[in-house]
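Here is the structure we will look at, set down as structure tokens.
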Amino acid sequence: MKKGIYPGSFDPVTYGHIDVIRRSAALVDELIVAVLGNSEKTPLFTVEERKDMLREVTKGLPNVKIESFSGLTVDFARKMNANVLVRGLRAIPDFEYELNMAQTNHIIAPEIETVFLMTSLKYSYLSSTTVKEVANFHADISTFVPPYVEAMMHKKFISNQEVES
Ligand code: PNS
């Protein structure tokens, strides 16, 4: 059985991530989308909120499971018996970071193969950071994220504004 793991922050999940999820789910028997909990970045959404959004947007993909983890990705992949680690590559700036991470992961866990999918051209500009920045200025994000995520973003920005005021 080929089990893949697609780790990331998913803060929030975008159409770019969904593109990678769909395409990699077609290559393996089971795909675990793994949300990192203990990132150095301060996330906008809690792990549970990010998992909830991922579950919602992958409802139609029966071989996709949503999990969260802390610590090293390869440790979690081993725990889940995943032997393929999926990452999306958008453009050249991603390459250096991804190469470093793939090589480090390979040294720690040589039995886990990192596989890169080139993000579809129409999403090659897209990142969660961009979505948050655009949403922060109340601009339309419907081309970047599904309606469920868009609604969660609006809710989050409204509740954050209430906290600040
Ligand atoms: O969506 P992101 O933020 O680009 O995902 C980055 C992620 C979660 C894949 C990466 O930060 C990660 O794997 N973190 C866990 C710690 C780890 O295993 N690092 C790689 C070895 S240096």
Side-chain angles (χ1 to χ4, degrees), residues 2-25 27-28 30-58 61 64-136 141 143-146 148-150 152-153 156:
K2 211 164 266 152
K3 221 183 206 190
I5 184 167
Y6 176 31
S9 304
F10 305 106
D11 185 43
V13 58
T14 69
Y15 280 129
H17 295 126
I18 296 168
D19 172 52
V20 172
I21 292 171
R22 273 183 200 290
R23 288 163 54 212
S24 51
L27 301 175
V28 292
E30 184 178 318
L31 181 74
I32 296 164
V33 179
V35 179
L36 178 67
N38 66 329
S39 172
E40 283 168 13
K41 306 172 191 170
T42 305
L44 177 64
F45 290 99
T46 66
V47 170
E48 281 314 313
E49 287 169 333
R50 286 179 271 158
K51 283 171 77 177
D52 171 62
M53 288 185 274
L54 278 161
R55 268 191 221 106
E56 180 64 29
V57 302
T58 58
L61 300 168
V64 173
K65 259 178 76 178
I66 311 301
E67 300 281 354
S68 54
F69 74 105
S70 52
L72 289 179
T73 292
V74 288
D75 284 343
F76 185 65
R78 276 177 171 157
K79 195 172 139 199
M80 294 283 114
N81 289 318
N83 37 23
V84 178
L85 197 162
V86 176
R87 292 287 290 166
L89 269 183
R90 288 167 301 191
I92 304 291
D94 283 346
F95 183 74
E96 206 171 329
Y97 169 66
E98 293 295 338
L99 178 69
N100 184 287
M101 198 157 60
Q103 285 176 331
T104 308
N105 285 338
H106 184 72
I107 287 169
I108 306 171
E111 78 281 13
I112 299 170
E113 206 62 69
T114 299
V115 171
F116 292 105
L117 293 190
M118 303 304 144
T119 307
S120 299
L121 200 56
K122 62 179 174 175
Y123 302 126
S124 59
Y125 66 93
L126 187 52
S127 71
S128 300
T129 306
T130 308
V131 175
K132 285 180 278 195
E133 189 160 337
V134 173
N136 199 21
I141 53 167
T143 49
F144 307 150
V145 295
Y148 186 84
V149 177
E150 192 183 356
M152 289 282 282
M153 292 286 292
K156 182 64 79 176

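Whatever order the structure lists ligands and atoms in, that order sets their numbers, starting from 1. Given the structure is predicted, the values throughout are model-derived calculations rather than measurements.
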Considering heavy atoms of the protein only, find what lies nearest to [atom] and give residue, atom and distance to 0.1 Å.
atom                    : answer
atom 13 (O) of ligand 1 : T73 OG1, 2.6 Å
atom 9 (C) of ligand 1  : R87 NH1, 3.4 Å
atom 1 (O) of ligand 1  : S9 N, 2.9 Å
atom 10 (C) of ligand 1 : M101 SD, 3.7 Å
atom 17 (C) of ligand 1 : L72 CD2, 3.6 Å
atom 22 (S) of ligand 1 : T104 CG2, 3.9 Å

Numbered atoms and elements of ligand 1 in range of [X], under 4.0 angstrom, heavy atoms:
X    : answer
G71  : 15 (C), 16 (C)
N105 : 20 (C), 21 (C)
Y97  : 6 (C), 10 (C), 11 (O)

Checklist entry - Does CZ in R78 sit with more than 12 non-hydrogen atoms of other residues, nucleotides or ligands closer than 6.0 Å? => result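 For R78, atom CZ is crowded (more than 12 foreign heavy atoms under 6.0 Å).
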
Item to check | pair F69-V35: side-chain heavy atoms closer than 4.5 Å | outcome: no

Checklist entry - Is there side-chain contact between M153 and F45, with heavy atoms separated by less than 4.5 Å? => result yes

Result of checking [options] against [X] for side chain to side chain contact (heavy atoms under 4.5 Å, CB included):
X    : options              : value
Y6   : L85, T73, V20        : V20
V131 : V149, T14, L44, N136 : T14
R50  : D11, I66, L36        : D11

Next on the checklist: For I108, which part has a heavy atom under 4.0 Å from ligand 1: side chain, backbone, both, or neither?
Outcome noted: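 Within the 4.0 Å criterion, I108 makes no contact with ligand 1.
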
Checklist entry - Counting only heavy atoms, which portion of L36 has something under 4.0 Å from ligand 1: side chain, backbone, both, or neither? => result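 For L36, only side-chain atoms sit under 4.0 Å from ligand 1.
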
Checklist entry - How are the rings of H17 and F10 set relative to one another: parallel (under 30°), tilted (30 to 60°) or perpendicular (over 60°)? => result perpendicular

Item to check | NZ on K51 to NZ on K65, rounded to 0.5 Å | outcome: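 Nearest 0.5 Å value for the NZ-NZ distance: 10.5 Å.
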
